Participant: 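Dumping the structure here so I can ask a few things about it.
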Amino acid sequence: MKTIVLAASILVALAGGARSAFAAPVVVSTLPSWDGSASIGDFGSSGFSAWGQFFVAPTGTNRLIDFTFLLSDAIQGGNTNPVPVTMQAHLVQYNPFTRLIIGPTLYSSAEITVPVTSALQFELYKFDVDAAVIAGSTYMMFLFANNFELQIPDDSRLRLATSGSDLAGGAYNIPMSAFADLDTALASPWRFTAGTDLAFSATFDNRPTAPIPEPDTLLLLATAGAAGLWAARRRPPRAL
């Protein structure tokens, strides 16, 4: 009976371990330091075609879960019917020393249209990224205006909220060429002002690289294992 109890106890313990295998999410955020009005721009049809934030994946994490920006459309040109900015968010690995993007795009969001407003009305835009990252490596989440080429008339443009904090290893970032298309932005150097961060939030976690059975599965295995051992102990010995 001790053998049965021991085997069942081990499997139940494994089930409990599976519940705690996922570490608590790590949130990197400059949102608390935003004063409610500070912003930078322009981004959209006039201004820069792309604008983003680079950051370092925290120690002990291997996945970026989500990312948020604060945006406001409050600048319009002479067009009596302003055309709103349509944009996408992209995640890439980034080298802050060469100021170049490394490798392929890791995530691209669906296209979003930002409503035209008449004043600075900031809205939080959250992107469910769920992409693998390497702790200690630098990544950049940037927004690209898909209709940035609409320069005449000087149409709708966005501003991005800026924080009052200095994130270690991060800063806001813009392409060297203001009107770079997406291919150029991905292949050419960017420029940034060290210590200046956008108001943003990023959520990271650490997931096992190998699949772990669900707790219910482990408990079922524990029950089956205990039953099997019990049956083996009750089975009469075979005749020689």
Side-chain angles (χ1 to χ4, degrees), residues 13-36 38-40 50-71 87-110 112 122-144 160-174 186 190 192-216 218:
L14 286 174
R19 292 190 184 95
S20 60
F22 296 95
V26 177
V27 178
V28 176
S29 179
T30 62
L31 293 177
S33 65
W34 182 52
D35 65 6
S39 62
I40 197 165
W51 210 300
Q53 171 79 34
F54 65 88
F55 50 89
V56 177
T59 300
T61 65
N62 64 5
R63 204 155 192 91
L64 174 62
I65 301 304
D66 58 52
F67 204 95
T68 60
F69 285 114
L70 275 165
L71 298 173
M87 66 177 190
Q88 286 178 275
H90 303 278
L91 174 69
V92 293
Q93 190 170 359
Y94 180 71
N95 186 329
F97 301 102
T98 63
R99 304 191 178 190
L100 290 170
I101 290 170
I102 303 171
T105 302
L106 304 176
Y107 163 84
S108 294
S109 73
I112 296 172
F122 287 93
E123 297 292 339
L124 191 66
Y125 288 80
K126 180 180 179 181
F127 303 93
D128 294 319
V129 179
D130 198 12
V133 296
I134 302 171
S137 295
T138 303
Y139 296 85
M140 179 167 62
M141 186 77 172
F142 71 91
L143 301 174
F144 183 82
L160 296 91
T162 53
S163 69
S165 62
D166 184 0
L167 184 69
Y172 78 70
N173 217 357
I174 48 182
L186 291 171
W190 288 56
F192 61 87
T193 301
T196 303
D197 297 310
L198 299 179
F200 78 95
S201 176
T203 305
F204 301 83
D205 74 359
N206 193 326
R207 297 186 191 174
T209 53
I212 290 180
E214 293 294 329
D216 290 345
L218 286 173

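Keep in mind the model is a prediction, meaning the values are calculated, not measured.
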Participant: List the residues meeting ring pair (Phe, Tyr, Trp, His ring centres under 6.0 Å) with F127, not counting sequence neighbours, and say none if there are none.
Facilitator: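 Here no residue qualifies.
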
Participant: May I ask you to decide if S109's main-chain N or O and Q88's side chain share a donor-acceptor pair within less than 3.5 Å?
Facilitator: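 Judged by distance alone, yes, a pair lies under 3.5 Å.
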
Participant: Say whether S108 and H90, considering side chains only, have a donor N or O and an acceptor N or O under 3.5 Å apart.
Facilitator: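 Present: a donor and an acceptor within the cut-off.
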
Participant: Between L198 and T30, which heavy-atom pair has the shortest distance, and what is it?
Facilitator: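 Smallest heavy-atom distance, with atoms named: O-OG1, 2.6 Å.
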
Participant: Report the residues that fulfil side chain to side chain donor-acceptor pair (under 3.5 Å) with S165, sequence neighbours left out, ordered by chain and then residue number.
Facilitator: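 Applying side chain to side chain donor-acceptor pair (under 3.5 Å) to S165 gives S33, S163.
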
Participant: Could you tell me which non-hydrogen atom of T59 sits nearest to which non-hydrogen atom of A135, and how far apart they are?
Facilitator: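 Between these two residues, the closest heavy atoms are CA-CB, 4.1 Å.
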
Participant: D197 and Q53: side-chain donor and acceptor closer than 3.5 Å?
Facilitator: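 Indeed, the side chains of D197 and Q53 share at least one donor-acceptor pair under 3.5 Å.
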
Participant: Side-chain contact test, heavy atoms from C-beta onward, threshold under 4.5 Å: evaluate it for L160 versus S39 and give yes or no.
Facilitator: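 No - every pair of side-chain heavy atoms lies 4.5 Å or more apart.
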
Participant: Flag the pair F67 / F55 as yes when their ring centroid distance falls below 6.0 Å, and as no otherwise.
Facilitator: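 When the ring centroids of F67 and F55 are compared, they turn out to be within the sub-6.0 Å range.
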
Participant: For the residue pair A161 and F122, what are the closest heavy atoms and their distance?
Facilitator: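 Distance-wise, the nearest heavy atoms are N-CE2, 3.7 Å.
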
Participant: Looking only at non-hydrogen atoms, find the nearest pair between A50 and I174 and report the distance.
Facilitator: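 Heavy atoms only, the tightest pair is O-CG2, 3.8 Å.
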
Participant: Under the 3.5 angstrom rule, does the side chain of T68 hit a backbone N or O of S201 as a donor-acceptor pair?
Facilitator: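 Side chain of T68 to backbone of S201, a donor-acceptor pair under 3.5 Å: yes, one is there.
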
Participant: How far does CG of L143 sit from CD1 of I112, to the nearest 0.5 angstrom?
Facilitator: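 One gets 8.0 Å once the value is rounded to the nearest 0.5 Å.
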
Participant: Please report the closest heavy-atom contact between T203 and P25, naming both atoms and the distance.
Facilitator: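 Closest heavy-atom pair between T203 and P25: CG2-CB, 3.9 Å.
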
Participant: Measuring from atom CG of L70 to atom CG of L31, what distance do you get when rounded to the nearest 0.5 angstrom?
Facilitator: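 Result: 5.5 Å between the selected atoms.
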
Participant: Below 4.5 Å, heavy atoms only, C-beta onward: do I134 and Y139 meet side chain to side chain?
Facilitator: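 When only atoms from C-beta onward are counted, Y139 and I134 do touch, with a gap below 4.5 Å.
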
Participant: Evaluate the criterion side-chain contact (heavy atoms from CB on, under 4.5 Å) for residue pair L186 and V92; output intermediate values, then yes/no.
Facilitator: CA-CA 9 Å; L186 291 171; V92 293; 4.1 Å; yes

Participant: Taking the ring centre of each residue, are W51 and F142 less than 6.0 Å apart?
Facilitator: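 Aromatic pair excluded; centres sit 6.0 Å or further apart.
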
Participant: Name all residues meeting the ring pair (Phe, Tyr, Trp, His ring centres under 6.0 Å) criterion together with F54; count only those two or more places apart in sequence or in a different chain, and write none if there are none.
Facilitator: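 Expected list: Y94, F192.
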
Participant: Looking at side-chain heavy atoms only, is the closest gap between Q93 and I101 below 4.5 Å?
Facilitator: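 Sidechains of I101 and Q93: no contact.
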
Participant: With rounding to the nearest 0.5 angstrom, report the CG to CE distance, L106 to M141.
Facilitator: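 Reported to 0.5 Å precision, the distance equals 10.5 Å.
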
Participant: Do you know which two heavy atoms are closest between W34 and T162, and how far apart they sit?
Facilitator: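 For W34 versus T162, the nearest heavy atoms are CD1-O, 3.0 Å.
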
Participant: Is any side-chain N of the basic residue among D205 and R63 closer than 4.0 Å to the acidic one's carboxylate O?
Facilitator: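 The answer is no: the pair does not qualify as a salt bridge.
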
